[in-house]
Amino acid sequence: MGVSTGQHLVVVLSWFGSSVVNNVYTKLLFGTGFSCPMLVAVFGMAAQLLTLLWKCRSDGTPLRCETPLRDILPISLTQIIGNVCHKSALMHTTIPVVHTVKSMTTCMTAILGYSLYSQNVPSVLAVFLMILGVASALITSTEGLTYVGVGYAATCVVVDSFRALMGKSVLKDHQSQTLVRVQMVSLAVFTPVAVFVEGEKFYNCYASPQGLPYTYLLLSVLGVAFMELSNFAYLIISTPLSHSMFNSLRCLVVVAAGILFGAPWTFRFLLGTAVAVSGVALHTYCAIPKTHPVRPKQD
C-alpha cells in the first residue's frame with residue numbers, strides 16, 4: 001500500500017519537530033545548571049537502543065548478530081566520543097553554531113574517504129561550498145561563539161566521519177542487528193565511566209531541595225526516542241536520496257529554531273549556513289545513485 005502525501009508530511013513534521021525540541025530542550029537543560037554531558041549522552045544512547053529494539057521486534061528481525069566484536073568496538077567508541085562532544089558543544093555554545101559546524105561532517109567524510117581509502121569525491125563543488133559556508137559563518141559570528149564549543153563540535157565532525165566510513169563496511173549486512181549490538185557495547189563501555197565522572201554531580205543536582213525534578217530527564221529520553229522513531233519512519237517510507245535531502249533541510253530548521261529561542265545571529269551567519277547546507281545537499285544528490293524507470297524496447 002502506498003503512502004499518501006499527507007502521511008509523508010506528518011512523518012517529516014514529526015521528525016523535524018522532535019529534532020528541534022530535543023536540541024532546544026537539551027540546551028535549556030544545560031542552562032539550568034545540569035552540566036552532565038556524559039550522562040545526557042548515556043540517556044540518549046539508551047533511548048536509541050530501546051527504539052532499535054522496538055523496530056527489530058516490530059519487523060520480526062532476529063537480534064542475533066554475526067558481526068565480530070573487533071569490528072563493533074571502533075564504531076562504539078567513535079559513537080561515544082561523538083555523542084559526548086555534541087552534548088558538550090551544546091553546553092558551551094549556541095545551537096546554530098553547533099549545527100553549522102556539524103554540517104561539515106559530510107565534507108570531512110568525503111575528504112577522509114578520498115585520502116585514506118581512495119574513494120571518489122562525488123562533487124568537488126559541494127565540498128568547496130561546505131568549507132566556504134562554514135568558514136564564512138564562523139568568521140562573521142562573534143556573539144555566542146566560543147572556541148571550546150566550536151572545538152567540541154569540530155571533534156564531533158571528525159569522529160562522526162570516521163564512524164561513517166567504518167560503518168559502510170560493517171553495517172552493509174544485517175544493519176539492524178549490528179546497530180543494536182553497537183548500542184549495547186557503547187552503553188556497557190561508557191555507562192560506568194559516565195557514572196564515575198559525573199555521578200556525584202548528578203546526585204547533588206537532583207538530591208538537593210532546590211534540585212531539578214526527574215521529569216526533566218524523562219522528557220529528555222522521550223524526546224530522543226521520538227526523534228529516532230520519526231527518523232526510522234521516514235527511512236521506511238522514503239528513498240535514501242529523499243531522506244538525505246530532508247536531513248539537510250532539517251539542519252536549517254534546527255538552526256532557525258535556535259535563533260527563534262534567542263541565539264544571536266547575523267545575516268552573514270545565516271547565509272554561510274545556507275551555503276554549507278546547500279553543499280551537503282549537492283553532495284548527497286551526486287553521491288546517491290539515481291534509479292530511472294526502464295523503458296521497454298521498441299521493435
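Computed from a predicted structure; not experimentally measured.
One finds the CG atom of Leu90 at 6.0 Å from the CG atom of Asn23 (value rounded to the nearest 0.5 Å). Note that CZ of Phe196 and CE of Met38 are 10.5 Å apart. Values are rounded to the nearest 0.5 Å. To the nearest 0.5 Å, atoms OG (Ser14) and CE (Met227) are separated by 13.0 Å. Here CG of Leu249 is found 12.5 Å from OG of Ser278. Values are rounded to the nearest 0.5 Å. With rounding to the nearest 0.5 angstrom, the CG atom of Leu39 is 9.0 Å from the NZ atom of Lys201. In this structure, CG on Leu125 lies 8.5 Å from SG on Cys286, to the nearest 0.5 angstrom.
When all heavy atoms of Ala153 and Ala89 are compared, the pair lying nearest together is N-CB, 3.8 Å. The minimum heavy-atom distance between Val275 and Leu129, with the atom names listed, is CG1-O, 3.5 Å. Here the shortest heavy-atom pairing between Val101 and Ala154 reads CG1-N, 3.8 Å. Residues Phe190 and Met45 share a closest heavy-atom pair of CD2-CE, 3.6 Å. Heavy-atom minimum distance, Ser161 versus Val157: OG-O, 2.7 Å. Here the closest non-hydrogen pair linking Ala274 and Leu252 is CA-CD2, 4.1 Å.
Put simply, Leu138 and Ile111 are part of the same group of oily side chains (I, L, V, M, F, W, Y) that touch within less than 4.5 Å, one to the next. A continuous path of Ile, Leu, Val, Met, Phe, Trp and Tyr side chains, each step under 4.5 Å between heavy atoms, connects Leu165 with Val158, placing both in one hydrophobic cluster. Under the 4.5 Å side-chain heavy-atom criterion for grouping Ile, Leu, Val, Met, Phe, Trp and Tyr, Leu282 is not connected to Phe246 through any hydrophobic cluster. Cluster annotation: Trp54 is not connected to Leu50 through the hydrophobic network of ILVMFWY side chains, with a link wherever side-chain heavy atoms come within less than 4.5 Å. Met130 and Phe128 are assigned to two separate hydrophobic clusters, defined by single-linkage of ILVMFWY side chains at heavy-atom distances under 4.5 Å.
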(message) Using side-chain contact (heavy atoms from CB on, under 4.5 Å), reason through Val20 and Arg250 one step at a time and then give a plain yes or no.
(response) CA-CA 9 Å; Val20 168; Arg250 183 179 67 95; over 6 Å; no

(message) Using side-chain contact (heavy atoms from CB on, under 4.5 Å), reason through Leu270 and Ile259 one step at a time and then give a plain yes or no.
(response) CA-CA 10 Å; Leu270 289 183; Ile259 291 171; 3.2 Å; yes

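Between Leu49 and Val180 there is a side-chain heavy-atom pair separated by less than 4.5 Å. At least one side-chain heavy atom of Phe269 sits less than 4.5 Å from a side-chain heavy atom of Thr100. Within the 4.5 Å cutoff, no side-chain heavy atoms of Ile80 are placed close to those of Val193. At least one side-chain heavy atom of Gln79 sits less than 4.5 Å from a side-chain heavy atom of Asn83. Between Cys156 and Lys102, some side-chain heavy-atom pair lies under the 4.5 Å cut-off. Between Val148 and Tyr152, some side-chain heavy-atom pair lies under the 4.5 Å cut-off. You'll find the side chain of Leu69 reaches within 4.5 Å of the side chain of Arg181, heavy atoms only. Side-chain atoms of Val134 and Ser103, non-hydrogen and from C-beta on, do get closer than 4.5 Å to each other.
Between the Thr78 side chain and the Asp160 main chain, no donor and acceptor come within less than 3.5 Å of each other. Without hydrogens or angle criteria, Asn22 side chain to Ser18 main chain gives no donor-acceptor distance under 3.5 Å.
Only one option out of Met91, Glu198, Lys87, His86 pairs with Val40 in a side chain to side chain contact (heavy atoms under 4.5 Å, CB included); it is Lys87.
The local environment of CZ in Phe162 is sparse, with at most 12 non-hydrogen atoms from other residues, nucleotides or ligands closer than 6.0 Å.
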